[in-house]
Amino acid sequence: MNACFKNWRFIVLVGLPLVLIPLLLIDEADEPGKKFRCAYVILLMAIYWMVEAIPLAVTAFLPIVLFPLFGVQDTASVSKNYMKETNMMFVGGLIIALAVEYCNLHKRVALRVLTIVGSSPIRLMLGIMFTTAFLSMWISNTATTAMMVPIVLQIVKTSRVDVKEEEESASYGAIKPSNLKTYLENDQRKSRSGDLSMISSSDLDLEHDNVNSTNKNFDSSLQLASSTATIAVDDSSDNNSEASEETDGTQHKLIKMLLLATAYSANLGGTGTITGTAPNLVLQDNLRRKVNIGQDGKYTDLTFATWMAFNVPPMIVNIIIAWMYLVVIYFGLPGSKKSKSLSLGNRKSVERLLKEKYRALGPMTFHEIAVLILFIFVVLLWLFRQPKFIEGWADLLPGAEIGDSTAAMLVVFLLFVIPKDYNFLRQGKGKVEALLDWKFVQSNLPWGVVLLMGGGFALSDASDVSGLSAWIGEHLNSLKDLNQVLMLFIVMIMTASITEVASNTACANVLIPILISLSRRLNIHPLYLTLPATVTCSYAFMLPVATPPNAIVFAAGNMKIWEMVKSGAFLNLSCVVVLLLFNISYGNLIFNYNNYEYPSLDNSTEIMPMLL
């Protein structure tokens, strides 16, 4: 029995295909079982993805094997889904993000913001959250979290060391250590460790970047901070011991609060841009292939600019709610006795630490400046390709259909052309180093994510071709009498529940095609259900396994699962409610949900016939 429990994934891997065999035996007069064979593959992959029976990217290969064998699609048609324009956009965006990491520009931005917000714990947490969210909009939320966690831990530990120095000096007349490193080397007391080195990239979801390079950049800080998660004090005096234990408990609370704030804001930040996380691009690709939302300017289309216009406001509101909620649950209401314990100790030491770390970076190098200029350049290209409210640069090229991946790959090309040191000619170096190194890209780009997205696109495409999407839409007609707001709430709650235990990309790949079909059948605007559901895929705050940022802070803070569940459950619900309210009000203002009409079959060239 114990062996079965340990090997349950293998049992699921072998047994599930046998359990689903009845779907392969269903025949119909028109297309003998094609839609149900497609359903067999979708259910098989969805459950494999959910339980991670095998690596997610390996599961994504199944459509290439099973769809041709079952007669759903030919191999060439299935294979096209694995390197589409959306995949190229994703790869290009990630490479640009890696360039920001490669030159340490993200570290400079983070430290600069933290030196500005001040050392008050509440203000510091707000600064950490907005810094993390902003960085997560453009680079991997995993890499952002791995960068911020050592900084957060070292801030708290440095202030705690100064407090202990004062206590020991007052009690024993001890000589103060000259710096944090000396103190920790001489300290012989035991400490509880939240060792981040236990986390490997294989433990994280494939839709996020490999964080090894980020950890290397902060290796010394990470080892120092994570090896000192809490410092136990063993004073000879009982009174001093009790006071010290109480202070340690407060500091540990502060650590957990700041770490959870980092993870939550990293997850929320990915919702701010269409390139922020993979589910956003999954939605974009499905809509592009199945629905002509804009109808040649008749309605507002989903672009990089309109995505930010819709999603940045609820992202900011949710970050503020998360900030206030964490303060209340860990330190009580402002002015209460409990809140007075909220202290970092010596604030001057915190300010000094941040300023010293920022000064250690030195002045901005040509490398950083060039990457920053290219980063701003590509964002502007994305925003103004076809902004709709004015004529975009792509509109100036009549007859050319240009996607966002064109702009991304242009900048990627420039990253490998422009030298990272403008003095290379005068220095007489034999080899010119570019702004980005290809070996760094190879070792850090999550290639498995491209396969994961491709597998999802293959499922979506086969659902249309086999008629499964239309069949599901027909059987969901009974929902037409349900209030649309209630329907939206149910969809969002269901999505938020699934994404806690499954990859957010896999969740989006399964749900979005169904919601597009449902929207068409019920004559609902194609974005009304799909856009909030896609964003909700990132609302995973309750479990360490839900997202890599959760896993990182769970280990770093030496937390218990119930602590993460306690704070995350409220945020899951509050974020859903906030996004729902924004969608039915602000979303309707942007996309005009109420007056949307699908084009007729005669005028439509982009809606799949089976959806009609």
Side-chain angles (χ1 to χ4, degrees), residues 96-159 180 209 211 213-222 224-225 258-259 261-266 268-270 272-273 276 312 315-316 319-320 323 344 346-380 420 435-436 549 553:
I96 295 169
L98 288 175
V100 174
E101 296 179 45
Y102 185 63
C103 69
N104 267 339
L105 182 61
H106 61 324
K107 184 179 180 182
R108 182 179 295 277
V109 172
L111 290 173
R112 183 57 181 165
V113 172
L114 294 181
T115 57
I116 294 173
V117 297
S119 58
S120 165
I122 295 179
R123 292 171 58 191
L124 185 65
M125 180 169 69
L126 188 62
I128 289 170
M129 294 185 76
F130 274 107
T131 302
T132 305
F134 174 77
L135 291 173
S136 187
M137 289 171 65
W138 311 104
I139 66 177
S140 160
N141 57 8
T142 305
T144 302
T145 306
M147 180 199 70
M148 293 297 296
V149 163
I151 296 174
V152 169
L153 289 174
Q154 197 168 4
I155 288 172
V156 180
K157 291 310 120 189
T158 300
S159 65
L180 176 62
D209 290 342
V211 300
S213 62
T214 307
N215 288 340
K216 289 177 184 177
N217 292 337
F218 298 94
D219 186 58
S220 58
S221 323
L222 184 57
L224 176 63
L258 294 178
L259 289 179
T262 302
Y264 296 159
S265 52
L268 289 170
T273 61
V312 169
M315 180 195 78
I316 294 174
I319 288 174
I320 293 175
W323 169 64
L344 276 173
N346 192 334
R347 294 185 182 181
K348 291 183 178 180
S349 66
V350 175
E351 294 175 358
R352 184 170 62 250
L353 169 69
L354 293 172
K355 290 178 181 178
E356 286 177 356
K357 289 177 73 69
Y358 184 76
R359 280 196 298 266
L361 296 175
M364 284 192 71
T365 63
F366 176 79
H367 189 186
E368 292 175 276
I369 295 172
V371 170
L372 177 61
I373 292 173
L374 289 178
F375 176 79
I376 295 173
F377 178 58
V378 75
V379 171
L380 292 176
K420 70 176 185 180
L435 296 175
L436 186 58
V553 302

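Nothing fancy with the numbering, it's 1 onward along the sequence. Everything quoted here is computed from the prediction, not taken from an experiment.
To the nearest 0.5 Å, atoms CE (Met147) and CD1 (Ile139) are separated by 6.0 Å. In this structure, Tyr264 OH and Thr132 OG1 are separated by 13.5 Å, a value rounded to the nearest 0.5 Å. Between the OG atom of Ser265 and the CG atom of Leu126 there is a distance of 10.0 Å, given to the nearest 0.5 Å. Taken from CD1 in Ile128 to CZ in Arg123, the straight-line distance is 13.0 Å, to the nearest 0.5 Å. One distance of note links CD1 of Ile116 with CG of Leu111; it measures 11.0 Å at 0.5 Å rounding. Separating the CG atom in Leu268 from the CE atom in Met315 is a distance of 8.0 Å, to the nearest 0.5 Å.
Heavy atoms only, all atoms of each residue included: Ala110 and Leu135 are closest at CB-CD1, 4.2 Å. Here the closest non-hydrogen pair linking Arg108 and Pro363 is NH2-O, 3.5 Å. Closest non-hydrogen pair, Leu372 versus Met364, comes out as CD2-CE, 4.3 Å. Listed here is the closest heavy atom pair of Lys420 and Phe366: O-CD2, 3.4 Å. When every heavy atom of Ser136 is checked against every heavy atom of Gly270, the shortest pair comes out as OG-N, 3.6 Å. Of all the heavy atoms in Thr145 and Pro549, the pair that sits closest is OG1-CB, 3.3 Å.
The side-chain heavy atoms of Trp138 and His106, taken from C-beta on, include no pair separated by under 4.5 Å. The closest side-chain heavy-atom distance from Met137 to Val312 is below 4.5 Å. Leu153 places a side-chain heavy atom less than 4.5 Å from the side chain of Leu259.
The only option from Leu436, Ile96, Leu435, Val379 that meets the side-chain contact (heavy atoms from CB on, under 4.5 Å) definition with Leu374 turns out to be Leu435.
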Item to check | side chain to side chain contact (heavy atoms under 4.5 Å, CB included) between Met129 and Thr262, intermediate numbers included | outcome: CA-CA 6 Å; Met129 294 185 76; Thr262 302; over 6 Å; no
Item to check | Derivation of the side chain to side chain contact (heavy atoms under 4.5 Å, CB included) call for Trp323 and Ile122 | outcome: CA-CA 8 Å; Trp323 169 64; Ile122 295 179; 3.1 Å; yes
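By the ring-ring contact (aromatic ring centres under 6.0 Å, His included) test, Phe130 is found to be paired with no residue, residues two or more places apart in sequence or in another chain being considered.
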